[in-house]
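Here is how names work: the chains are called A, B, and so on, in the same order as the sequence lines, proteins then strands, and each is numbered from 1.
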There are 2 protein chains.
Amino acid sequence: MYSFTEENYLKTIFYLSIGTQEGVSTNALADSTNTRAASVSDMLKRLAEKGLINYQKYRGVTLTEEGERLALLVIRKHRLWEVFLAEKLQFGWDEVHVIAEELEHIRSERLIEKLDAFLGYPKFDPHGDPIPNAAGEMPRFIYRKLSEIVEGTTVVMTGVSEHSPAFLQHLDKAGLTLGCQLKVNEISDFDKSVSVLIDNVRTLFVSHEVAKNLLVK
Amino acid sequence: MYSFTEENYLKTIFYLSIGTQEGVSTNALADSTNTRAASVSDMLKRLAEKGLINYQKYRGVTLTEEGERLALLVIRKHRLWEVFLAEKLQFGWDEVHVIAEELEHIRSERLIEKLDAFLGYPKFDPHGDPIPNAAGEMPRFIYRKLSEIVEGTTVVMTGVSEHSPAFLQHLDKAGLTLGCQLKVNEISDFDKSVSVLIDNVRTLFVSHEVAKNLLVK
DNA sequence: TAATTTTTTTAGATTAGTCTAAATTTTTTA
DNA sequence: TAAAAAATTTAGACTAATCTAAAAAAATTA
Ligand SMILES: [Mn+2]
Ligand SMILES: [Mn+2]
Ligand SMILES: [Mn+2]
Ligand SMILES: [Mn+2]
C-alpha cells in the first residue's frame, strides 16, 4: 500500500513525463506538488528504493513499469470518480477535479470496478480524457489543437488541454461543450483569433489563447 | 480542517459514549482505535486544546457540543456512503462498512449534499441506523432487542446492534433482512433460542446470541 | 575553459501520530 | 485505610513528510 503522497508524486511524474523522453526534474516536481526541491529529493530516494522510479542523483526521474502502472491506476480512479460526479451528482466539469483529487486515493479494487460498471464503463472523463483500464493501460489518442486547424475545415471538439475552473467556466459561457461541431471560418491575421461556426447554427469568435487549449479531431 | 485521525477519535468517543453519562476511558479508546493508551493520552490533549472534548487528566472524556456535531457529520457521511454502496453499487450490507470508513473523510460539503439528494434523502443506512442531518443532528429511536420480546408478539426487524461481516452474513444465510416481520412463537427454556415465524410464511430458530443483536419495533 | 549561475542534494529541524518503558494517579482489595 | 493492582500520563524515541540553509554538482556564459 502506498501513501496518498506517494501516489500523488507518481501521478505528477506521469503527467510531467508526457511528450518527452527526458527525466522529470526535481524543480518541476517541486513546482507541481507545491513543495520545495529538498522535499522532492527526499521523496525521490524513497520512491526509487521501492522500485517505482528510475533515479540517479542530479539526472531527473522516469517511472518504472510498475510506477507507471500505479500512476495509471490512480488516474483511472480519478477519472471514473469525475464521471460519477458529473453524470450522477450533476457537478459541473469545472468542479469535479478537486473532489476527485481526494476520491482517487480510496483503496478498494472492488469499489472501482463496481463504480465502472455503474457508470456503464465510460471511455472518457468529463474533460474528454481517456480512462485507463484495470490493468493500468490507457489508449493514447492524438488530437490536434483548434489553433492548428486550417480555415474551412470542420472538426469535433473532443477535449481540453487546460483544466482550470476559470477556463472551463469560460467555455460554459461560450457554449462550447465536448462533441460540438466546429467549422473554422476564418483566422484573424491580427490576433490569431478564430471565427468558428458551431453545430451549423451560430458563429463564435474564439481567442487564440482558448483555441490553443481546445482539442479537436 | 481536522485530520482523518482526529475525526476517527471523535467518532469513536461518540460511539463509546452511547448509553452512559460517564466519560470514555483512555483504555477503551486505545482498544477501539487499535493504539496504545499513551498515544490516546497525547491525542486527548490535542483534542481538548481544540475545544472538541472535555478532558481532565485521569477522568475520561466527553465530547463538547462542537465535538459531537463534528462526530455526527462524519457519521452522516459514513452512513450516506453506505447507502450509496449498497443501493447503487450493489455491495452487500456486510461489505459497505470498511469502504465507508475511508469515504467518510472526503471533505466536500457540496459532495455530501448532492449525494444525499442523489440517494433520495434516505433516513436510514443499510443496517437500519439513522442518518444525521447536515446540521449534525440525529433522531434517536429506541428499539428493543428480539431477545426481550415476549412469546406471541409480532414485531418488525428494524436494525442490528452488531455490524461484523460474519454476523451480517449469518443473517443473510438465515434470510433475515431489515423490514421483515417476526412473530415470536416460543422461547426455549434450555438455551433461550427463539422460534420465530418470518413474514407469516416460514419458521426459523434464532439463537439467543443472534436475538440479542436484532433490533425490532 | 574558467568563472558564474542554476539546479540539486545534504544537513539539521519540525510536526503529527505513533510506540515502549517508567512514573504517577486512581481504584480495588484485604 | 494501607498495600496492591489497574489505569493513565509522562519521558524519550521513531517514521513520514515537510521545511530552511548550506554544500555540491551541473549547466551556462564569457
Ligand atoms: Mn481531473
Ligand atoms: Mn491526489
Ligand atoms: Mn458502518
Ligand atoms: Mn474513519
Legend entry - Proximal nucleotide (of C:dT25, D:dC19, D:dT10) relative to the B:Ala38 side chain: D:dT10

Legend entry - B:Tyr55 vs D:dT9: side-chain N/O to OP1/OP2 distance below 4.0 Å: yes

Legend entry - Interatomic distance where NZ belongs to A:Lys57 and C1' belongs to D:dA26 [whole Å]: 13 Å

Legend entry - NZ or CZ of B:Lys45 within 45° of B:Tyr55 ring axis and under 6.0 Å: no

Inset, instruction - Please state how far atom OH in B:Tyr2 lies from atom C1' in C:dA16, giving the value in whole angstrom units. - result: 16 Å

Inset, instruction - Return the value, rounded to whole Å, for the distance between atom CG of A:Asn34 and atom P of D:dC19. - result: 9 Å

Inset, instruction - Return no unless some side-chain N or O of A:Arg46 is found under 4.0 Å from OP1 or OP2 of D:dA17. - result: yes

Inset, instruction - Specify the separation, in whole Å, of atom NZ of A:Lys45 and atom C1' of C:dT9. - result: 7 Å

Legend entry - B:Leu29 CG - D:dA7 P separation (whole Å): 14 Å

Inset, instruction - Take B:Leu29 and B:Thr35 through the test side chain to side chain contact (heavy atoms under 4.5 Å, CB included) and record every step on the way to the result. - result: CA-CA 8 Å; B:Leu29 277 165; B:Thr35 58; over 6 Å; no

Inset, instruction - Can you tell me the distance, in whole Å, between the CE atom of B:Met1 and the P atom of C:dA16? - result: 16 Å

Inset, instruction - Round to a whole Å and report the spacing from CE of A:Met43 to P of C:dT8. - result: 17 Å

Inset, instruction - Give a yes/no answer on whether the side chain of A:Arg59 brings an N or O atom under 4.0 Å of OP1 or OP2 in C:dT9. - result: no

Inset, instruction - Would you indicate whether B:Arg144, at its atom CZ, is surrounded by more than 12 heavy atoms from other residues, nucleotides or ligands within a distance under 6.0 Å? - result: no

Inset, instruction - Mind listing the residues from residues 8-23 of chain A sitting with a heavy atom below 4.0 Å of DNA chain D? Number order is fine. - result: A:Tyr9

Inset, instruction - Please state whether the phosphate of C:dT6, meaning OP1 or OP2, lies under 4.0 angstrom from any side-chain nitrogen or oxygen of A:Asn27. - result: no

Legend entry - Aromatic ring pairing B:Trp81/A:Phe84, orientation class (parallel under 30°, perpendicular over 60°, tilted between): tilted

Legend entry - Between D:dA6 (P) and B:Tyr58 (OH): distance, integer Å: 17 Å

Inset, instruction - Give a yes/no answer on whether the side chain of A:Arg36 brings an N or O atom under 4.0 Å of OP1 or OP2 in D:dT18. - result: no

Inset, instruction - Determine: side-chain N/O of B:Ser41 to OP1/OP2 of D:dT10, distance under 4.0 Å, yes or no. - result: no

